[in-house]
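The first residue in the sequence is number 1, and the count goes up from there. Since the model is a prediction, treat every value here as computed from it, not as a measurement.
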Amino acid sequence: MIPTYGRILAAACALATTASAVTPIEVKGKDFVNSKTGDRFQILGVDYQPGGTNAVDGKSDPLSDREACLRDAALMQQLGVNTIRIYNLSPKLNHDECVSIFNAAGIYMILDVNSPLYPGYIDRTAPWTTYTKDYYTQVFGIIEAFKDYPNTLAFFAGNEVINEDSVEQVPQYIRAVQRDMKEYISKHLDREIPVGYSAADVRPILEDTLNYFMCEDEDYPNSSSDFFGLNSYSWCGDASYKSAGYDVLTEMMSEATIPVFFSEYGCNEVQPRKFTEVQAIYGEEMTQTFSGGLVYEYTQEENDYGLVKINNNDTVTLLVDFDNLQTQYAKLDMDRISASNASQTSVKPIKCSADLIKNGTFSSNFTLPAKPPGVQDLINNGYSKVDAGKLVDVESEEVSTTIYDHNGKEITGLKLTVLADGESNQPGSSSIGSSSNSGSDSDSGDDDNAAGIVAIPVGLATIAATLFGLVML
């Protein structure tokens, strides 16, 4: 027979590997908030698309490779991020292991529902040709696949669909997609997952874009954006709040009635990137207007925006940019950033009207296209060809991938730390493994990498302390 303390130990060990869950995030006024505590949630994140668009083939995606997700989630824990954005996903793949790993690491996901593979996108030059039932097998497929994961923070209905090549009717079609997504969510999800749009920083029409998407139209309820993302690269090198135009952006977005955040930032015209804009984005001048941001991007691709480089032999090198971003995150006052503000959460929406649109080239037509044939049936009955994902058990686990700092020194002891139930990741909650003196064939830089000691998992430490007290009794 197993002694009492043995049974307690076995139960505690089982608890340590049970799938814990982050607390879902919701929108209140112009803030994201923790649905249980009411604390403000500021996005500290990275855009995550290993391989870029060239890797999109429908056979794999960034959340289908367990080992890669384990490696990257552990590194992101050290970096201090709490959110990732993923552009290209296949609803047909199983994402349970990867999503559960990011959930265990305390990292949320903002997901683009579109795909560059036909028929998964809206053609900005002729949106009526791609706004079809087939298109919605991608859109509703992503919602169905990710609806039950607690760390699914939000969905993007579109990314920079409005640009110099788009026709005037495009905004109407994006609002129609939001309407249809939100109707599907209302019928088939047990919580409201926010839906929004990610816009290019095109200043002549940026304010019009925000106004067009955030206003509420009584003729087309639930077609408005729940949040607004901005892809902006105006802060380069040693810029300042004013020289980068952040003062103009802050003033422009100050009257927003929904959360606004940088869905992409991180100009690479000056390298290595120092990310000094982090102190502005999360500083007192901007935090009442912006809900944080996502750095473009996690992996090094041809466009040269990476924080880490995945080498040909499947090892990984942390670039100087990784260290610089980690240093900037570590300076943030997280207590101030997460403090709730009643004036933010009580903001009332505005009603749609043509006078909201100041630029004559932007659409002021709020009449939306009717749903394509067959789409209402999909909304009513649900998209049954995709199974809803579910969390699986995740243990704190050491990463087997060989990882080097930017000097070519191997980092040892990197570990995914399973956070306690309800916790999300934040800067300083983990520290990276130590660097050895062994060299590598990886790229190197000029600065020394700060080494630390892997943190003891919070949940396991608590269990250990509790067990000690129980056993001594």
Side-chain angles (χ1 to χ4, degrees), residues 12-28 31-46 48 63 69-85 96-110 146 148-154 191 193-194 282 291-292 294 326 329-330 332-340 389-399 414-432 452-467:
C13 290
L15 179 62
T17 62
T18 299
S20 58
V22 298
T23 301
I25 301 300
E26 60 187 11
V27 170
K28 284 192 175 181
D31 278 352
F32 292 111
V33 300
N34 183 297
S35 60
K36 287 186 179 178
T37 67
D39 291 339
R40 190 180 190 203
F41 182 82
Q42 283 274 78
I43 295 169
L44 286 82
V46 294
Y48 183 58
L63 297 179
C69 292
L70 176 67
R71 171 199 71 202
D72 295 336
L75 285 170
M76 289 179 195
Q77 274 194 313
Q78 320 304 321
L79 183 58
V81 306
N82 61 21
T83 307
I84 55 176
R85 175 188 182 179
D96 288 349
E97 289 190 313
C98 276
V99 172
S100 298
I101 286 170
F102 281 108
N103 168 79
I107 296 173
Y108 293 87
M109 308 176 300
I110 302 178
F146 288 90
D148 290 341
Y149 298 127
N151 57 331
T152 299
L153 194 160
R191 66 182 175 98
I193 298 179
Y282 300 95
S291 294
L294 297 146
Q326 185 180 42
Y329 278 159
L332 298 178
D333 181 350
M334 295 305 299
D335 289 337
R336 178 186 62 78
I337 289 171
S338 61
S340 60
K390 61 182 183 300
L391 292 183
V392 296
D393 291 349
V394 175
E395 299 180 21
S396 294
E397 181 178 346
E398 191 162 318
V399 174
L414 177 66
K415 187 176 185 179
L416 175 79
T417 300
V418 176
L419 300 187
D421 201 51
E423 287 190 6
S424 60
N425 195 48
Q426 63 179 10
S429 60
S430 300
S431 57
I432 207 152
I453 301 173
V454 175
I456 297 174
V458 175
L460 292 180
T462 303
I463 290 169
T466 305
L467 270 176

With distance as the sole test, does Ser291 use its side chain to make a donor-acceptor pair with the main-chain N or O of Asp31 at under 3.5 Å? no
Tightest non-hydrogen contact, residues Asn34 and Thr23, listed as OD1-CG2, 3.2 Å
Quick check: closest heavy atoms across Ile107 and Asn151, and the distance to 0.1 Å? O-ND2, 3.2 Å
Identify the two heavy atoms, one from Ser100 and one from Lys390, that lie closest to each other, and give their separation to 0.1 Å. OG-O, 4.1 Å
Excluding sequence neighbours, so at least two apart, what forms salt bridge (charged side-chain N to carboxylate O under 4.0 Å, His left out) with Glu397? Arg66
Distance check, rounded to the nearest 0.5 Å: Gln326 atom CD versus Leu75 atom CG? 9.5 Å
Separation between CD1 of Ile25 and CZ of Arg40, rounded to the nearest 0.5 Å: 12.0 Å
Donor-acceptor pair, Gln42 side chain versus Tyr282 backbone, under 3.5 Å? no
Under the side-chain hydrogen bond (donor to acceptor under 3.5 Å, both in side chains) rule, collect the residues that match up with Tyr149, sequence neighbours excluded. Asp96
Close side-chain approach of Ser340 and Val33, heavy atoms under 4.5 Å: no
The reported gap from SG in Cys69 to CD in Glu97 (rounded to nearest 0.5 angstrom) is 9.0 Å
Do the non-hydrogen side-chain atoms of Asp39 and Phe41 ever get within less than 4.5 Å of each other? no
Nearest non-hydrogen partners of Asn82 and Asn425, listed with the distance: CB-O, 3.3 Å
Taking every heavy atom of Leu416 against every heavy atom of Glu395, the minimum-distance pair comes out as CD2-O, 4.1 Å
What residues form a ring-ring contact (aromatic ring centres under 6.0 Å, His included) with Tyr48, not counting sequence neighbours? Phe102, Tyr298
Output for pair (Ser396 OG, Leu419 CG), nearest 0.5 Å, gives 8.5 Å
Rounded to the nearest 0.5 angstrom, the CG-CE distance for Leu153 and Met109 is 9.0 Å
Could you tell me the separation between the CD1 atom of Ile84 and the OH atom of Tyr108, rounded to the nearest 0.5 Å? 13.0 Å
Please report the shortest heavy-atom distance between Ala73 and Ile101, naming the atom on each side. CB-CG2, 3.6 Å
